[in-house]
Colleague: 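Take a look at this one; I'll ask things after.
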Amino acid sequence: MSAPIAKSNQTKRWQEMDAAHHLHPFTTHKELAATGARVITKAKGVYIYDSEGNRLLDGMAGLWCVQVGYGREELAEAGYKALKELPFYNTFFQTTHPYVAELSAKLAEVTPKGIERFFFANSGSEGNDSAVKIIRYYWNLKKQPKKKVIIARDKAYHGVTLAAASLSGLTSMHPQADLPLPGFVHIACPDWYGKGGDMSREDFGIKTARALEDKILELGPENVAAFVAEPIQGAGGLIIPPSTYWGEINRICEKYDVLLHVDEVICGFGRTGQWFGSDTLGIAPDMINMAKGLSSGYQPIAAVGLGPKIGDVLFNSDEEWSHGFTYSGHPVAAAVALANLELIQKEQLVEKAGGASGAYFQKKLAELADHPLVGETRGMGMIGAIELVKNKKTRERFAEDLGVGYRCRKHCFANGLIMRAIGDTMVLSPPLVITEAEMDELFGLARHCIDLIAKEISVI
Ligand SMILES: *Cc1c(COP(=O)(O)O)cnc(C)c1O
């Protein structure tokens, strides 16, 4: 390994404070204490900068969220104005404020057809947790209290609260907290590259969709409340379902009166080339969850959007709904989210992701498929994945303990690129504002780092 890089005293101080006092999300703390955290101090456009002055091209838009890029004055000003005028007021007990009213109306304009009413939370996890409570409440109001089981999928990521982690199908998330909770079950996901074998994509799409029907029949439709899924699975490894999948899922949910809750936290706000993944993939949701791109990550805010089936029931209830967060519809977060949506519209970022920018991104991504280490590239709009494999033909993967993806990510860090590793699947989800020149840089760096890891494992 290379010699340790000299660090400034300031960096060392921050790393020491951090290692001593900060419990990080999704981090191995022993390893962190040994190496010291990377300290990010500023960001502009598609680049982030660390405390040692290194510049990194952020191929992940933070955590799939900074659609408009970093350092946008419009968002900073909207937040500042709200902070001065109304830094906080709640939306409990028949109260509102202009920021949340205007944001709600704007969301009704851009979300999929029929989604017109919104509940606000502060994170995607809280959104899904709230969605689970809405689903249960809906069936209680409909006098079908037995309909309670929620079906989700393997490799799903829906967040970390008790309910959201129970929805999640990344099994490493479960044992530490004795999850999933009762009433949450999982079925196979449409991971054709990993599990499709010799089947055509189309047949595999139908087969994995029918797993939902089998599970509903096994449990009894009278016991099944909802199916919950991401349009494209993000943290599970960028699993893009075959074209046959979602139509079949729509049909099955409709047939058995099972609510369809679509988690749009990653796919929303232009990522897939239209406003929502449901639009791009032809999904007919009864409700959706949004976060990340809703504010481009500038403020913590999430929203659950309700279609008429659920919305009409909740809005016509005589009893008080006993749910809501102190910061539901927080004025500063709502102001920034609204400014973000207006900027996305003004700069036509959704149209670009579905048009020239997205096409250029997908073209550059596909060019990596000729690399000897790359088994498949896949993507849609401004999201993409690169499978690093031992054998391109058989799709055989490297031994897990080789940590090929993890090492590739390390090369990326060292060479000025943020590319995420999910096992040996490398994932990209850059800010939607990325230019063609910046995409050239991104994919040049990605190829270089895949070359480096190819060289490294050939000598092991
Ligand atoms: C990130 C994510 C969440 C959780 O959002 P948090 O804001 O981290 O709680 C939920 N669903 C999906 C699809 C996500 O990608």
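Residues take their numbers from the sequence shown, with the count starting at 1. Whatever order the structure lists them in is the order used to number ligands and atoms, beginning at 1.
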Colleague: Taking Val132 as the fixed residue, which of Ile150, Leu181, Leu162 is the one that meets the side chain to side chain contact (heavy atoms under 4.5 Å, CB included) rule?
Modeller: Ile150
Colleague: Who's touching ligand 1 if we go heavy atoms under 4.0 Å?
Modeller: Ser123, Gly124, Ser125, Asn128, Tyr157, His158, Gly159, Glu230, Asp263, Val265, Ile266, Lys292
Colleague: Is the His261 to Phe227 ring centre distance short of 6.0 Å?
Modeller: no
Colleague: Tell me if the aromatic rings of Phe120 and Tyr327 count as close, with their centers under 6.0 Å from one another.
Modeller: no
Colleague: According to the salt bridge (charged side-chain N to carboxylate O under 4.0 Å, His left out) rule, which pairs have a member within residues 167-182, sequence neighbours left out?
Modeller: none
Colleague: Regarding Asp154 and His186, do their side chains bring together a donor and an acceptor under 3.5 Å, going by distance alone?
Modeller: no
Colleague: Mark yes or no: Arg395 above the aromatic ring of Trp192, with NZ or CZ under 6.0 Å from the six-membered ring centre and no more than 45 degrees from the axis.
Modeller: yes
